[in-house]
Each structure stands twice: as structure tokens, then as C-alpha cells.
Amino acid sequence: MADRLVPLGEKRLMDVKLGELTSWLGTRDFTPNGLLNGIRRGHDRYYNKYINVKKGSIGGVAMLLVGYVAISYIWGYDHIKHDRWRKYH
Amino acid sequence: MVQASRSLHSSPQSLAPVPPLPEKGGKIRHGIFPEELFTLLYPKTGVTGPYMLGTGLALYLLSKEIYIINHETIAAASIGAVIIYGVKKYGSQVAAFIDKLNEEKVAKVQEVKELSMSSLAQAIENEKKEQWRVEGRHMLFDAKRNNVAMLLETNYRERLHMVTNEVKKRLDYQVQLQNLQRRMEQEHMVSWVEQNVIKSITLQQEKESIAKCIADLKLLAKATQARTTV
């Protein structure tokens, strides 16, 4: 399928096979600089795809807000747990 | 730190002219779900796949009380209803307004670009004109050469005149000198001869010459008398 063999470190996450996942994680750059680079690249991808266009839609901002709501629910779950209606599910 | 979008001369692509912004962003369905999710599930589950996934997930979260219904749920539901109503009703108007703002910004920048481009085109025109003018420089040099030649000629003639005048003056002087010399010699000689002659006339010779003159005059008178009577 591929026209040449790509070294493992340069493959993207979607192209990595399950068995190679751990070794692929080993090649990733987890230094603070590397993390910042990763964050910036992710931000650029999202920004250029949904916000930096001539006719943007509300989805660009709405997805971020929904993500914020979801994360704040997850972080507050230990506190919300006490409002459960039933003890056994 | 260098921005990732502005790496210095590392890619063969050049950054100018900057490619235009894409017209529309990535597609999003129902405002929060990107289209990629639907495309991912389409081959295996068809069109209703993602919706079934959503329903199943929601029921699971509710039944296991991973999502808990409390006062916040009601608040979230009301806020969500208001937001959705607002977006559906006024979304297009707000979009048009923002598009207009954007248009104005773009138009202003476009103006600047047009201005600079026209000024540059004008500069090119001027350059071409100057190049054309350069071709006529041989005429300029001919005129200058003529000027210089004329100046040289004038100067030469002036000097010639001057030389002639000076030489003529000197020669005139010499001529006058010679004339003067000769005249003075003549006068001197004449006066000297006169003086000598006068000196040489002794008294005796003076009396004899006077008597001779009187005798001659008497003879002449007799001759004329005789002629008149005859």
C-alpha cells in the first residue's frame, strides 16, 4: 500500500498499527518544548481549519465551548457523584 | 521563537503571494459534531450510524448515572434552548454584519495594494522613458562637441587677431623710427649745407654778385623795352 517504508518515528498516529503503539509513543518528544510544540501544532490545525476562514460558522466556537463544558463536568464528577438518584446501577 | 507558519526559507514554497483564505471551514453538523465523525462511520453503519451511536451513548450515560440529572441539567437545558433559538433566528443577520466588517477591512487593504501597484507600474513607465531618453544621448554629445569646437575656434581667432595687432604695432614703430631717422638726417643735412653756403659767401663775392644782378636786370629791362616798342 505504501510506496516506501517510512521510519516509525515519522508516522502519524492514525497510520501506526496497534502492535507498534508503545514503540511509537517512545519516539514522541515529551520534553516541555516538545509538548509546547505539540500544543501549538494542534492549535494551528484547529484554528486554520475552523476559524481562519472567510465564512466561518458557529461550529468553530461552539465545539470549543462544548469541550469546555464536558471537561468541567469530568473534573467535577467526584463532587457531582453525591447527587446520584440510585445507589446501585 | 519562530512561528511554525513562518519557517525561514526552509520549504521550497515561497510565502508570497500568500494563498487566499479558504472560503468555508471544515463542515460541522448540528453545530457541534464535525463531519469527519459521520464520514468515518458511514462505510460500516450507513447514514444513521452516528445517530444510533449518540442515542446508545446517551442512554448508557444516563442509566449508569455517569451523567447525573440534577439542578444543573435544567439550567443547561434552558440555556441551550435559548442559545439554539437565538442562533437559528439571528444567525444569518449576524453573519452578514460580520461579513460586511470583513469586507471593509479587505477593501481598505486592497486599496493600499492597488495604490502601491499603480505607483510601481508608474515607476516602471518612468524607467522605460528614461531608457528611451538615453538612446538620444548621442545628440546631446554632438551639441556639446559643437559648442566646444566653437569655443576653441573663437579662442584661436582671438589670439590670431591679438598676435597680428601686436606684430603690426611693432612693425609700425620700426617704420616710424626709420622715417624719423631719415627726416632728421635730411633736415640736418639741408641746414648744414645752407649754413656752409652762407658762410662761404664772402663780402666780396656778395658785392660782385649784386653788381652782376643789377647789370643783368638793366639788360633785361632794355630787352623788354625794345620788344614792347617793336
Side-chain angles (χ1 to χ4, degrees), chain A residues 1 10 12-18 28-29 31-89, chain B residues 1-7 18-37 40 57 59-77 79-80 83-84 86-88 90-92 94-103 105-106:
Chain A
M1 194 164 85
E10 294 171 9
R12 306 172 75 154
L13 178 57
M14 287 292 138
D15 298 332
V16 169
K17 303 198 192 342
L18 263 178
R28 292 293 95 195
D29 185 13
T31 65
N33 237 0
L35 287 171
L36 278 172
N37 274 343
I39 291 175
R40 192 188 322 121
R41 264 184 293 129
H43 170 271
D44 283 347
R45 270 180 66 191
Y46 186 83
Y47 182 75
N48 287 329
K49 183 157 184 199
Y50 290 111
I51 302 186
N52 199 12
V53 292
K54 274 193 203 161
K55 280 183 75 63
S57 67
I58 198 163
V61 173
M63 281 198 284
L64 287 173
L65 289 176
V66 166
Y68 166 70
V69 166
I71 285 186
S72 66
Y73 184 86
I74 292 171
W75 284 347
Y77 186 68
D78 287 333
H79 186 262
I80 301 174
K81 243 185 340 200
H82 303 298
D83 289 340
R84 277 196 279 203
W85 293 68
R86 297 275 185 275
K87 199 165 151 193
Y88 298 108
H89 301 100
Chain B
M1 280 220 307
V2 177
Q3 294 281 353
S5 58
R6 293 192 199 301
S7 42
V18 174
L21 285 178
E23 280 291 327
K24 288 174 148 313
K27 283 171 100 31
I28 301 171
R29 219 189 269 209
H30 300 302
I32 36 180
F33 301 109
E35 193 71 25
E36 276 81 9
L37 181 66
L40 208 66
L57 207 63
L59 288 174
Y60 167 72
L61 290 176
L62 280 171
S63 76
K64 285 287 186 186
E65 275 204 310
I66 297 176
Y67 178 71
I68 301 166
I69 298 193
N70 50 9
H71 62 285
E72 285 179 24
T73 316
I74 306 180
I79 294 176
I83 288 179
I84 290 177
V87 164
K88 280 255 179 324
Y90 301 112
S92 49
V94 170
F97 174 71
I98 294 178
D99 279 345
K100 200 154 63 72
L101 289 179
N102 228 10
E103 284 286 311
K105 270 197 261 179
V106 165

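Within every chain, numbering begins at 1; the chains are lettered A, B, ... in the order of the sequence lines, protein sequences first and strands thereafter. Because the structure is predicted, anything quoted here is derived from the model rather than measured.
- Contacts of B:Ile69 with chain A are made by both backbone and side-chain atoms, with heavy-atom separations under 4.5 Å.
- Residue A:Tyr77 qualifies as enclosed at atom OH: its count of foreign heavy atoms under 6.0 Å is above 12.
- Closest approach of A:Met63 and B:Pro34 over heavy atoms only: SD-CD, 3.8 Å.
- The structure places NZ of A:Lys55 at 6.0 Å from NZ of B:Lys24, a figure rounded to the nearest 0.5 Å.
- In this structure, the side chains of B:Pro22 and A:Lys54 stay at 4.5 Å or more apart for every pair of heavy atoms.
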All N/O donor-acceptor pairs, side-chain side in residues 25-32 of chain B, below 3.5 Å, sequence neighbours left out:
residue	atom	partner	partner atom	Å
B:Arg29	NH1	B:Tyr51	OH	3.2
B:Arg29	NH2	B:Glu35	OE2	3.0
B:His30	NE2	B:Tyr51	OH	3.3

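- Around NE2 of A:His79, the count of heavy atoms belonging to other residues, nucleotides or ligands within 6.0 Å does not exceed 12.
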Should B:Glu65 and A:Arg84 be marked as a salt bridge (charged side-chain N to carboxylate O under 4.0 Å, His left out) after you check the CA-CA gap, both sets of side-chain angles, and the distance that decides it? CA-CA 7 Å; B:Glu65 275 204 310; A:Arg84 277 196 279 203; 5.0 Å; no
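- For chain A, the option among B:Ile98, B:Asp99, B:Val87, B:Ile66 with the highest count of heavy-atom pairs below 4.5 Å is B:Ile66.
- Counting non-hydrogen atoms of other residues, nucleotides and ligands closer than 6.0 Å to CD1 of A:Ile58 gives a total of 12 or fewer.
- Contact between B:Asn70 and A:Ile80 at its shortest, heavy atoms only, is ND2-CG2, 3.7 Å.
- Shortest non-hydrogen contact noted between A:Tyr73 and B:Tyr67 is OH-CA, 3.3 Å.
- With respect to chain A, the highest number of heavy-atom pairs below 4.5 Å among B:Ile68, B:Ile83, B:Val106 belongs to B:Ile68.
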